[in-house]
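One structure below.
Just so it is clear, the model here is predicted, and its values are computed rather than measured. Reckoned from all heavy atoms, side chains included, excluding hydrogens, waters and symmetry mates. Chain letters run A, B, ... following the sequence lines, proteins first, then strands; residues in each count from 1.
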Number of protein chains: 2
Amino acid sequence: MLTEVITVLTDRQLLIFQVIVDDFIQTAQPVGSRTLSKKEKISFSSATIRNEMADLEELGFIEKTHTSSGRIPSEKGYRYYVDHLLSPQKLNQHDIHKVQSIFAERIYELEKIVQKSAKILSELTNYTSIVLGPAVRDNKLKRIQIVPLNKETAIAIIITDTGHVENRMFHLPENIDAGDLEKVVNILNDRLAGAPLESLNNKLYKEVAVLLRHHINNYDLMLNSIADTIKIPAYDKLFFGGKTNMLSQPEFHDIEKVKNLMNMIEQEKGIYDLLSKNKSGINIKIGRENNNSAMENCSLITASYSIGTEQLGTIAILGPTRMEYSRVISLLNYISADLSAVLSKLYQNR
Amino acid sequence: MLTEVITVLTDRQLLIFQVIVDDFIQTAQPVGSRTLSKKEKISFSSATIRNEMADLEELGFIEKTHTSSGRIPSEKGYRYYVDHLLSPQKLNQHDIHKVQSIFAERIYELEKIVQKSAKILSELTNYTSIVLGPAVRDNKLKRIQIVPLNKETAIAIIITDTGHVENRMFHLPENIDAGDLEKVVNILNDRLAGAPLESLNNKLYKEVAVLLRHHINNYDLMLNSIADTIKIPAYDKLFFGGKTNMLSQPEFHDIEKVKNLMNMIEQEKGIYDLLSKNKSGINIKIGRENNNSAMENCSLITASYSIGTEQLGTIAILGPTRMEYSRVISLLNYISADLSAVLSKLYQNR
DNA sequence: TGTTAGCACTCTTTGTCCCCGAGTGCTAAT
DNA sequence: ATTAGCACTCGGGGACAAAGAGTGCTAACA
């Protein structure tokens, strides 16, 4: 495919195309031949440009909004731009400074760092940022605690090796006393500590059930309560920054579009689907490539952050298809590397 | 003030005013004399109505959008309508059914119930619902746990008598061993269990500090970490339902207004201010009564929920000033009563 | 004296026409 | 191969008119 495209596009077409995309990304206005001919980089007449543009349109890289309008990049055009024409951009001092500020304070909680990353990222880009929090799925159990609140209810608390805490209330079987409960907790910790959360449910029924039976009555009801508590959250947590930034983009002057997009963002399920199926490194999905009608005029750029080779979560920018791809990619690369570094340091010896 | 108004408005003016408000709430269109004269309840001619409307306008209850338009209620008008003309509306079977569904499953977690209430409320009204979660400020400490994650960090967990769990990571002093940590935890629980969260900080430094000194070295660093962990969250948690519902209201076809409102909602601080300064029972703030520029065209109706006489939190509806006050008030009353009942039952013996 | 029919007036909305500007495609000249 | 030139297209904005909804006021009526 790459060779095919290269044989088809001349250098001049490439140049014109690039200038069109760059200009449109900046101004959000269709770009005409006269505007182009005035650019510094371009030394030929508007008529020549018109000819070239007609060819570029025929190839599907640019479109008109109406018969006699200037051109705008098509989705295929953006795809080509992103794949072949993107020159990595250096971050300026101000950007670097702001990113560093995420890690300035000594913070121990992963969630706080992640939340702050989302905030900074949206402030720097004026787009919406989304961070998929660290997966707890393959965390290992550090400790289970059960704290009775009164005769009927107790609260179960799970702590993982990364310091993630989950808790849930449950109903206590009747006639269970503090001693019984302590026994249960001891058994649970003996048997389950160190095991990945994923395997807990299985182990609980296969290994722990037998032991519990020997020590307490009504163990089955109790067991179910605990199993329910232990269940891993279906989705990892999402963090957002600049949810309303999209409202400032000219392509979202139409309330209907805003409603669609906002609804998807609020429901989180859709966002989760968009984010979770990405490979490591930078991923770019343009417009309909996202397979989501609410994303019609949007692009999503994702990057993963990790500890060593273990992918922890995803950090993403949601913007209009007319997005500053180069800048956003640089930023994501930079932040995800920093994030990975800091987290690795924090959890090297977990 | 009440007497003043009663002497000024005739029965007929009252009737006309009420019909204007009711009609405008339904249609969002200015109401003219011809439209009014056709209403069943109204038996006099459009000319008479025009005269009365001129008086009502002079009194400040209604306004024109331009010289020859129909009338819409003014903020003062809504205030009068809400204070004097509201007839409590009975909920229909469908509404009651949906509200009941909040409590259908046996749920133990307060947060889940509250979250679900917000969701149902927004679905029933098509406005935005906001629930200020139960205040943890005056919860009492049930238990403190400290779980070391590795040599350097540990996680402190606080459980309150209502089952609320807070946790925070902190840095361990060097050379502290498991035995020391256990001693610390025992001292903390001995001294602090049962105390209101508010008083913990004080007690920690006044009573516990002395004890810690006898048992472990480096107690001061440890103490600060714990104090930091114990700190009560500045704001109680907010839950939302139907954040995007406002986008469907005709008064929010203007992107600028949407942006203002959404920004305020996202920042939470503003919302918190709006909600927290309300008395128990139903409160209604109309438009500029909210003292918040983003709320220009919005009204906020709040209700409190409680256990016994102790006010726990606030449940609210944010809608356009042109809101179905009667219906919303009935719903809020109904839900807040149910919520109070269920929570009282759940925490009667905490 | 309170009510109402009637009328002149106002203002918004909608549609039409027209013109301007920006841009295109094509042709012919360079 | 490039470009100047020209006819053509389309969207946007202003001017204008007509329609519709509503008002205020006056004069007549019960």
Query raised in the report: When all nucleic acid strands are considered with a 4.0 Å heavy-atom cut-off, which category describes A/Thr35: base, sugar-phosphate, or nothing?
Result: sugar-phosphate

**Report entry** Nucleotide D/dA21, atom P - distance to CD of B/Gln29 in whole Å
**Finding:** 12 Å

Query raised in the report: Nearest to the side chain of A/Ala47, which nucleotide is it out of C/dT12, C/dG25, D/dG5?
Result: D/dG5

Query raised in the report: So, is A/Lys64 near the phosphate of C/dG25, with a side-chain N or O under 4.0 Å from OP1 or OP2?
Result: yes

Query raised in the report: Any donor-acceptor pair under 3.5 Å linking the side chain of B/Ser129 with the backbone of B/Ala118?
Result: yes

**Report entry** Any B/Arg34 side-chain N or O less than 4.0 Å from OP1/OP2 of D/dT23
**Finding:** no

Query - N/O (side chain, B/Ser45) to phosphate O (OP1/OP2, C/dT3) under 4.0 Å - result: no

Requested in this report: Using a cut-off of strictly less than 4.0 Å, decide whether A/Ser33 has a side-chain nitrogen or oxygen near OP1 or OP2 of C/dT24.
Outcome: yes

Query raised in the report: Near B/Arg12 CZ, under 6.0 Å, is it more than 12 heavy atoms from other residues, nucleotides or ligands?
Result: yes

Query raised in the report: Side chain of A/Thr302, backbone of A/Leu275: donor and acceptor closer than 3.5 Å?
Result: no

Query raised in the report: Among A/Glu268, A/Lys119, A/Glu266, which residue meets the side chain to side chain contact (heavy atoms under 4.5 Å, CB included) test with A/Phe240?
Result: A/Glu268

Query - Minimum-distance nucleotide to A/Thr48 side chain [options: D/dT3, C/dG25, C/dT4] - result: D/dT3

**Report entry** From B/Ser248 atom OG to A/Asn263 atom CG, the distance as rounded to the nearest 0.5 Å
**Finding:** 7.5 Å

Query - Nearest-angstrom distance from the residue atom CD1 of B/Ile49 to C1' of D/dC25 - result: 17 Å

Report summary line: Rounded to whole Å, CG of A/Asp55 lies from P of D/dT2 at a distance of 12 Å

Query raised in the report: Any sub-3.5 Å donor-acceptor pair from A/Ser330's side-chain atoms to A/Gln89's backbone N or O?
Result: yes

Report task. Could you pick out which residue, B/His66 or B/Ser46, lies toward the 5' side of DNA chain C when each is mapped onto its nearest nucleotide? Result -> B/Ser46

**Report entry** side-chain N/O A/Arg71 vs C/dG23 OP1/OP2, d < 4.0 Å
**Finding:** no

Query - Distance, rounded to the nearest Å, where A/Glu58 contributes CD and C/dT24 contributes P - result: 15 Å

Report summary line: Here the distance between atom C1' of D/dG22 and atom NZ of B/Lys38, to the nearest Å, is 13 Å

Query raised in the report: Considering only heavy atoms and no angle criterion, is a donor-acceptor pair shorter than 3.5 Å present between the side chain of B/Arg50 and the base of C/dG6?
Result: yes

Query raised in the report: Given atom CG of B/Asn51 and atom C1' of D/dA27, what is their separation to the nearest angstrom?
Result: 13 Å

Query raised in the report: Which part of the nucleic acid, if any, lies within reach of A/Ser69 when heavy atoms closer than 4.0 Å are counted: base, sugar-phosphate only, or nothing?
Result: sugar-phosphate

Query raised in the report: What pairs with A/Asp23 under side chain to side chain contact (heavy atoms under 4.5 Å, CB included), at least two apart in sequence or on another chain?
Result: A/Thr27, A/Val31, A/Lys39

Report task. Might you confirm whether atom CG of B/Asp11 has over 12 heavy atoms from other residues, nucleotides or ligands at distances under 6.0 Å? Result -> no

Query raised in the report: In whole Å, what is the span from the CD1 atom of B/Ile72 to the P atom of C/dT12?
Result: 14 Å

N/O contacts under 3.5 Å, protein versus nucleotides 15-21 of chain C?
none

Report task. Rounded off to whole Å, could you give me the CD-to-C1' distance for the B/Glu52 and C/dG2 pair? Result -> 10 Å

